[in-house]
Amino acid sequence: MRPRPDPSAVDLDPNALRMEALVRGLGVDPAAAASALDQRAQGESFGRLVRRLGLAGDEQAAEALAAVMAADLAGAEAFQAVSDPVEGLNPSFLSDVDAVVLRVDEDAVIVAVADPDVRRIVQGVAIASRRPVHAVIAPLSLIERARSSSGAAGHAAAADRSVEDDEPSSLSAASREAPIVRLVDELIAGAARARASDLHIESYPDRVRARLRVDGVLHDWRTLAPRLSRVVISRIKIIAGLDIAERRLPQDGRARVDIDGEVFDLRVATIPSAHGEGVVIRFLAGKFTAVDLEKVGLDAESLQALRRMLRSPFGLVLVVGPTGAGKSTTLAGSLMALNQPGAKLVSIEDPIEYQIDGVTQIAVRPTIGLTFASALRAILRSDPDVIVVGELRDRETAEMATDAALTGHLVLATLHANDAAGAIPRLIDLGVDPALIRSTLRMVVAQRLVRRLCVACRAPDGEGGYRPVGCAVCDQTGYRGRTGLFELLEIDPDTAERIRPGCAASDFSEGTRVDGVHGLRAAGLARVREGVTSRDEIIRVLGP
C-alpha cells in the first residue's frame, strides 16, 4: 500500500482545509462553519476549535482532518512510547501549536499534530533535530496526554535539582526555572481550555492532585509528584503577587493572563493544610461581557415578571441561593437589561465576575477598608439610579441597602438563603427592621444551577425524561453547560403584612409565586420533562 503524503506537503490554504473538514468531514452547515472559523482565536488549532464549540469529539475531529488532507491518522497505539523531547527544541513551541513528538527514527522525526497548518511545525522540528520530519494527524486528547506525561519527568527533575531546602530564596529560584514555569502555564491554560471555573491544587503525602470544577462539579484531572508541591505553589504565588515565604496563613491574590487570545482574570486563594499548602484559582472573564437575561434559564412568565420589577424606580430585589448558584450571573443579566444611557448604574462586588460596559463596578478590598458598607456609603453620595450589592453580609450593609431602596433607588442584592421564602427571616436575622422590609422588598428570586444534558448522547430514561450517557463531546460526563432553576416570590400587600418580628419561612411558603410554581423542585421537574436535565441532577442539586 502506498503511504499517504506528509500533510506538510499539501499545498492548500490551512483555512480552506479547516472549512472542508468542518463541512465534509463533520457535516457542519457551510454558513455555520464559516462563522466558526471567523470566531477562531489566533493560533487556535482545528482540534481545539471543534472541542470549544462542541461540534464533535477529538477523535471525530482528527478523522475528518486526516480525510480531507489524505494524511496518516495516529491512534492510541502510536502514543504508547512517546519519545523524549528533541534536544534543542523548546517544548513550549509544540505546546503552543498542539503538537507532540511521537518518536525519533533513523530516517525521520514523527510529529503528531491537530491542525492543518503544519509547515512551521515541521520546519521548527527539522531545524532543531537536523532530520527530516513527518507529520501525522492525531486527536487533541492524545496529544495533550502525551505532552503531559513526557513533561512530567522534566518538571520533577527540575524540582529535585533546584529545591534543596525550604528557604524562600531556593523556592523562588526553583519556581522561575523554565520547566516549572511551563508546568504552571500548562496547568492554567489547560484548565481554561477545559471550560473550568476553578482549578484546585491539593497537596498530599504521596502526590499533588489537580482538580477542575466544570459545570459546577469537581473532576480529578492530573496528578503530580509530591516534590513538585512547593515549587508549583510558589510559582502560582509569584504570578498572583503573594508572599512565598508565608505558608502558615491563607492568602488572596489576583493575576491576569492571556490564553489563546482570550483574557482571564485569576483570583488565587491559598490555604495551609496538614501536608502543605493548597491553592484554588478561579477563572473570571477579563473583558467586557454581555449576559442575556433571557438565556439564564427563566421561563417566559418569570422573565416577564422580573423585567416588570426591574422597571420599578425604587425598591429592593433580592437574588438568593447558596454559593455557586449563579446569583452573580442573574445580577449581571439584570444590569444588562437596565443598562441605558439615561441611568447611572453602580455595583459593589467581591469579586467582579462579569465586566459590563457602562456600569461603574467596584471590587471590595477589606484589607484597605473598602468593604460593602463603606463602598455603599460612598455610592449613595454619587447620585446613582440603580445600585447592585454583591452580598448582604452584615447588619450595616443590609440596613443601608434597604434604606437606599426606600429613598428613590432601585437596589439589587444577593443573600444566602435556601429558598425565596427563607430570604425574609434571613433579612430580619441580619438586624433589618421588619417595617423597613415591608416598605422596600419587591421581589425575591431563588435559584440553583443544574447541568444540561449533552444533546449528542442523552437517552430516554423510560419515565418521560432523559438520562446522561457520555460521549466525546461532553468528555464522557453526559452533561455540557448549565442552566438555572428559578422560584420568584412577589411581595404583594398580603405577603408584606406577614413580615413581622419572629416570622418564619413557612409563613411565606404559599405566597404569590409567578406562574404557580411552588418551589425550586417543581421548576427542576419541569426541566426534566423538557429534556433539559435529568432526575439524578435535580437530586444532586436539591437533595432527595
Applying salt bridge (charged side-chain N to carboxylate O under 4.0 Å, His left out) to R211 and not counting sequence neighbours gives E202
CG/L293 to CE/M336 distance, rounded to the nearest 0.5 angstrom? 10.5 Å
Take D215 and R195 through the salt bridge (charged side-chain N to carboxylate O under 4.0 Å, His left out) test and state the conclusion after the steps. CA-CA 8 Å; D215 294 335; R195 303 185 301 112; 3.4 Å; yes
Which residue pairs satisfy the salt bridge (Lys or Arg N to Asp or Glu O under 4.0 Å) criterion with at least one member in residues 440-452, sequence neighbours excluded? R451-E537
Y204, OH atom: more than 12 neighbouring heavy atoms under 6.0 Å: yes
Residues passing the side chain to side chain donor-acceptor pair (under 3.5 Å) test with H275, sequence neighbours excluded, are none
For residues 332-348, which residue pairs pass the side-chain hydrogen bond (donor to acceptor under 3.5 Å, both in side chains) check, not counting sequence neighbours? S347-E349
State whether a side-chain donor-acceptor pair under 3.5 Å links S328 with Y354. no
Stepwise, does the salt bridge (charged side-chain N to carboxylate O under 4.0 Å, His left out) test hold for R395 with E399? CA-CA 6 Å; R395 177 173 182 170; E399 286 186 335; 3.1 Å; yes
Could you tell me whether the side chains of S534 and Y479 share a donor-acceptor contact shorter than 3.5 Å? yes
E294 and R307: CA distance, side-chain angles, deciding distance, salt bridge (charged side-chain N to carboxylate O under 4.0 Å, His left out) verdict: CA-CA 10 Å; E294 295 186 1; R307 285 191 179 278; 3.7 Å; yes
Is the number of heavy atoms from other residues, nucleotides or ligands within 6.0 Å of CZ (R365) greater than 12? no
For residues 322-342, the salt bridge (Lys or Arg N to Asp or Glu O under 4.0 Å) pairs (sequence neighbours left out) are none
If you round to the nearest 0.5 Å, how far is CG of D198 from CG of L218? 7.5 Å
Have D38 and S35 got a donor and an acceptor in their side chains that come within less than 3.5 Å? no
Kindly indicate whether the side chain of D260, heavy atoms from C-beta on, has any atom under 4.5 Å from the side chain of R48. yes
Going by the salt bridge (Lys or Arg N to Asp or Glu O under 4.0 Å) test, which pairs reach into residues 464-480, not counting sequence neighbours? none
Test salt bridge (charged side-chain N to carboxylate O under 4.0 Å, His left out) on D536 and R540 and set out the steps. CA-CA 6 Å; D536 287 344; R540 184 188 72 83; over 6 Å; no
Are R458 and Y466 in a cation-pi setup, meaning NZ or CZ lies under 6.0 angstrom from the ring centre and within 45 degrees of the ring axis? yes
